[in-house]
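So the structure is just underneath, and the comments pick up after that.
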Amino acid sequence: MATPQAMWASHVELDTDKCVHCGSCARDCPVRCITMADGKPTLKIDTCIKCGHCIAVCPSGCFSMNDVPAESLPRIKPENKCTAEQVEQLIRGRRSCRNFKTGPVDKAKIEKLLDLAHYANTGGNSQLLEYTVITTPEQLKHFGQLAVDWMVAAELPFAKGMQSAWNKGIDVVFRGAPCVIVVTLTPTSSMYSALGFTDGAIALANAELAAPSLGLATCWCGFLQMAAQQHEPLKKEFNNRTVVGALMVGEPNVHYQRFVPRKPVQLSWR
């Protein structure tokens with residue numbers, strides 16, 4: 001299989017012999033690099049952002065990327081479409097878990113979770129996110145200590161209490177999670193790097209929603225994310241890459257029974 005870099009360097013190809021001249025590709029292309037002339041599509045490859053809309057929408061499989069034909073890609077199955085009630089339960093039933101079972105998380109489950117997360121939309125289809133997975137007790141303790149050091153150095157109002165609890169062996173940073181996923185931004189001059197924090201949030205939100213299907217629970221780790229943006233020793237751990245998100249992952253040691261209330265939606269129409 002081609003590396004992500006090779007996939008990104010490749011181009012989209014059009015097989016006009018398969019075309020049924022429906023024009024779906026031209027209508028859906030977000031950058032209008034596909035136009036219809038005499039009922040046939042023409043692809044202007046130098047403006048293509050390789051988003052894959054043409055591959056997804058074409059009914060006859062005319063398009064391919066990196067020599068991967070459309071026929072080899074899974075079809076979207078209408079019978080797998082979630083009902084509105086199922087989606088509501090998935091979203092409203094989501095909880096930030098701080099009560100995890102002890103023991104490691106199956107590596108295959110983490111890889112599946114990240115595979116789903118990385119399909120999240122990114123600004124300009126830039127796909128600039130990188131993932132670091134922390135799983136060993138030694139590394140979790142190391143990164144937790146660095147986060148506590150940052151709290152103390154930054155003189156946060158709760159720092160002394162957090163440091164005292166940490167020194168007593170209470171994991172106030174990761175809450176006993178056996179796995180932490182850290183998302184960083186690939187260094188680049190791309191204008192879309194300004195959307196890195198948004199891209200990271202969307203990817204980890206995907207992971208949060210996918211986690212229960214794998215028997216996993218999650219919680220955002222804001223302490224580590226904030227510390228990694230301000231604390232030099234933590235910055236060095238990630239080669240000075242910008243940390244745009246951090247997520248604790250593990251098997252839940254709690255079962256939630258019902259939805260909880262939220263403040264009313266603050267909404268205005270214009």
Side-chain angles (χ1 to χ4, degrees), residues 1-12 24-34 43-59 61 63-66 68 70 72-78 80-84 86-88 90-92 94 96 110-133 181-214 216 218-222 225 241-247 249:
M1 179 179 291
T3 64
Q5 290 79 10
M7 287 284 286
W8 196 237
S10 66
H11 61 274
V12 175
S24 296
C25 54
R27 289 191 296 271
D28 202 51
C29 178
V31 294
R32 301 294 186 262
C33 69
I34 302 175
L43 176 63
K44 188 178 180 182
I45 198 64
D46 59 336
T47 58
C48 176
I49 62 171
K50 306 172 184 68
C51 65
H53 274 251
C54 54
I55 297 172
V57 78
C58 180
F63 294 88
S64 62
M65 184 186 295
N66 200 44
V68 179
S72 67
L73 300 172
R75 280 189 170 272
I76 296 173
K77 299 177 181 179
N80 286 347
K81 182 179 179 180
C82 298
T83 66
Q86 289 170 331
V87 172
E88 180 176 3
L90 179 65
I91 294 173
R92 292 187 63 187
R94 186 212 61 81
S96 296
I110 296 299
E111 290 176 341
K112 179 63 175 177
L113 190 68
L114 289 178
D115 183 52
L116 293 172
H118 100 287
Y119 278 100
N121 45 310
T122 58
N125 195 36
S126 54
Q127 301 183 50
L128 298 174
L129 303 180
E130 301 175 351
Y131 300 87
T132 299
V133 182
I181 297 169
V182 181
V183 187
T184 53
L185 197 62
T186 303
T188 177
S189 59
S190 168
M191 61 180 284
Y192 294 110
S193 63
L195 299 175
F197 282 96
T198 302
D199 293 345
I202 296 171
L204 289 185
N206 269 15
E208 279 194 293
L209 294 176
S213 70
L214 298 169
L216 301 174
T218 60
C219 183
W220 280 75
C221 190
Q225 180 176 340
R241 281 166 162 73
T242 302
V243 172
V244 296
L247 194 70
V249 184

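In what follows, every heavy atom counts, from backbone to side chain, and hydrogens, waters and symmetry copies are set aside.
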Spacing of CG belonging to L113 relative to CD belonging to E208, to within rounding of 0.5 Å: 10.0 Å
Should C33 and L43 count as side-chain neighbours, where that means a heavy-atom distance under 4.5 Å? yes
How many angstroms lie between atom NZ of K44 and atom CZ of R32, to the nearest 0.5 angstrom? 14.0 Å
How long is the span from the NE2 atom in H53 to the OG atom in S24, to the nearest 0.5 Å? 13.5 Å
Non-hydrogen side-chain atoms of D199 and S126 separated by less than 4.5 Å: yes
Heavy-atom side-chain contact between I34 and F63 under 4.5 Å: yes
Please give me the minimum heavy-atom distance between A203 and A117, naming the atom from each residue. O-CB, 3.4 Å
Would you say CZ of R75 has more than 12 non-hydrogen atoms from neighbouring residues, nucleotides or ligands within 6.0 angstrom? no
For L128 and T122, what are the C-alpha separation, side-chain angles and deciding distance, and is it a side chain to side chain contact (heavy atoms under 4.5 Å, CB included)? CA-CA 8 Å; L128 298 174; T122 58; over 6 Å; no
Does the side chain to side chain contact (heavy atoms under 4.5 Å, CB included) test come out yes or no for V68 and I55, once each step is laid out? CA-CA 10 Å; V68 179; I55 297 172; over 6 Å; no
On a heavy-atom basis, which atom in C82 and which in V87 lie closest, and how many Å separate them? CB-CG2, 3.6 Å
Supply the atom-to-atom distance L247 CG to C221 SG, rounded to the nearest 0.5 angstrom. 9.0 Å
After noting the C-alpha distance and the side-chain angles of W220 and Q225, does the key distance pass the side-chain hydrogen bond (donor to acceptor under 3.5 Å, both in side chains) rule? CA-CA 9 Å; W220 280 75; Q225 180 176 340; over 6 Å; no
Taking side-chain contact (heavy atoms from CB on, under 4.5 Å) as the criterion, tell me which of V249, D115, L214 meets it with I110. V249
Shortest non-hydrogen separation from Q86 to K81 and the atoms involved: OE1-O, 4.5 Å
Do the non-hydrogen side-chain atoms of L116 and N206 ever get within less than 4.5 Å of each other? no
Go through the steps for L129 and L185 under the test side chain to side chain contact (heavy atoms under 4.5 Å, CB included), then give the verdict. CA-CA 5 Å; L129 303 180; L185 197 62; 4.1 Å; yes
Identify the heavy atoms of S190 and T188 that sit nearest to each other, and give their distance. N-OG1, 3.0 Å
R241 to E130 - nearest heavy-atom pair and separation: NE-OE1, 2.9 Å
Side-chain heavy atoms of Y131 within contact of V182, under 4.5 Å: no
Should C54 and V12 be marked as a side chain to side chain contact (heavy atoms under 4.5 Å, CB included) after you check the CA-CA gap, both sets of side-chain angles, and the distance that decides it? CA-CA 9 Å; C54 54; V12 175; 4.0 Å; yes
